[in-house]
Amino acid sequence: QELFARVYAEEGLYQAGYNSAILLYLNRDFEKAFEEMKIIEEKFHTKEAEKALERIQKEIEYQQGSVQEPDPEVQVYSVG
């Protein structure tokens with residue numbers, strides 16, 4: 001996650017920022033994953049980021065006990 005975050009910070013690559021947020025999500029750091037993915041979605045306006053942002057939000061709501069368990073659909077990109 002740190003590598004992707006560093007690449008995104010240095011080069012602004014969509015895939016690196018997206019992967020950083022997804023890895024935070026997979027490591028159950030949902031709030032930080034949401035913050036990072038929101039930045040990615042606002043900057044790049046992609047369907048993948050929009051869908052991931054919604055998925056992270058659903059997971060946060062689930063953890064707070066307000067919705068049913070979301071399905072585990074995520075996508076990771078290769079950088080390079």
Side-chain angles (χ1 to χ4, degrees):
Q1 185 274 323
E2 293 174 7
L3 174 62
F4 288 120
R6 187 171 54 245
V7 170
Y8 178 71
E10 293 173 0
E11 300 180 29
L13 293 175
Y14 166 80
Q15 295 88 343
Y18 179 93
N19 284 350
S20 175
I22 291 297
L23 289 173
L24 286 167
Y25 168 81
L26 293 173
N27 285 317
R28 305 185 63 77
D29 191 346
F30 303 122
E31 297 293 334
K32 190 165 182 179
F34 183 83
E35 291 171 17
E36 284 196 17
M37 192 60 76
K38 185 172 183 175
I39 292 168
I40 296 301
E41 197 282 322
E42 289 174 351
K43 181 175 181 179
F44 295 99
H45 306 286
T46 68
K47 290 290 183 189
E48 294 89 2
E50 181 181 335
K51 184 175 179 179
L53 190 61
E54 291 171 4
R55 174 71 174 91
I56 295 166
Q57 180 62 47
K58 286 180 183 178
E59 183 63 42
I60 291 169
E61 292 170 2
Y62 173 72
Q63 294 298 319
Q64 295 170 346
S66 59
V67 295
Q68 294 180 350
E69 183 175 357
D71 48 335
E73 194 176 306
V74 293
Q75 180 177 1
V76 177
Y77 290 96
S78 62
V79 176

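Positions are given from 1 along the sequence.
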Please give me the minimum heavy-atom distance between [X] and [Y], naming the atom from each residue.
{"X": "Tyr8", "Y": "Ala16", "answer": "N-CB, 3.7 Å"}
{"X": "Glu36", "Y": "Ser20", "answer": "OE1-OG, 2.7 Å"}
{"X": "Ala33", "Y": "Tyr25", "answer": "CB-N, 3.5 Å"}
{"X": "Phe34", "Y": "Gln57", "answer": "CE1-OE1, 3.3 Å"}

Phe4 versus Ile22: any side-chain heavy-atom pair under 4.5 Å?
-> no
Side-chain touch Phe30/Arg28, heavy atoms, less than 4.5 angstrom | yes
Kindly work out whether a path of hydrophobic side-chain contacts (I/L/V/M/F/W/Y, heavy atoms less than 4.5 Å apart) joins Leu24 to Ile40.
-> no
Distance in Å, [X] [atom1] paired with [Y] [atom2], rounded so as to fall on 0.5 Å steps:
{"X": "Glu50", "Y": "Met37", "atom1": "CD", "atom2": "CE", "answer": "12.0 Å"}
{"X": "Tyr14", "Y": "Asn19", "atom1": "OH", "atom2": "CG", "answer": "9.0 Å"}
{"X": "Arg6", "Y": "Glu11", "atom1": "CZ", "atom2": "CD", "answer": "10.5 Å"}
{"X": "Ile56", "Y": "Lys32", "atom1": "CD1", "atom2": "NZ", "answer": "13.0 Å"}
{"X": "Lys38", "Y": "Leu53", "atom1": "NZ", "atom2": "CG", "answer": "7.5 Å"}

Give me the one residue out of Gln64, Lys58, Glu59 that meets side chain to side chain contact (heavy atoms under 4.5 Å, CB included) with Tyr62.
-> Glu59
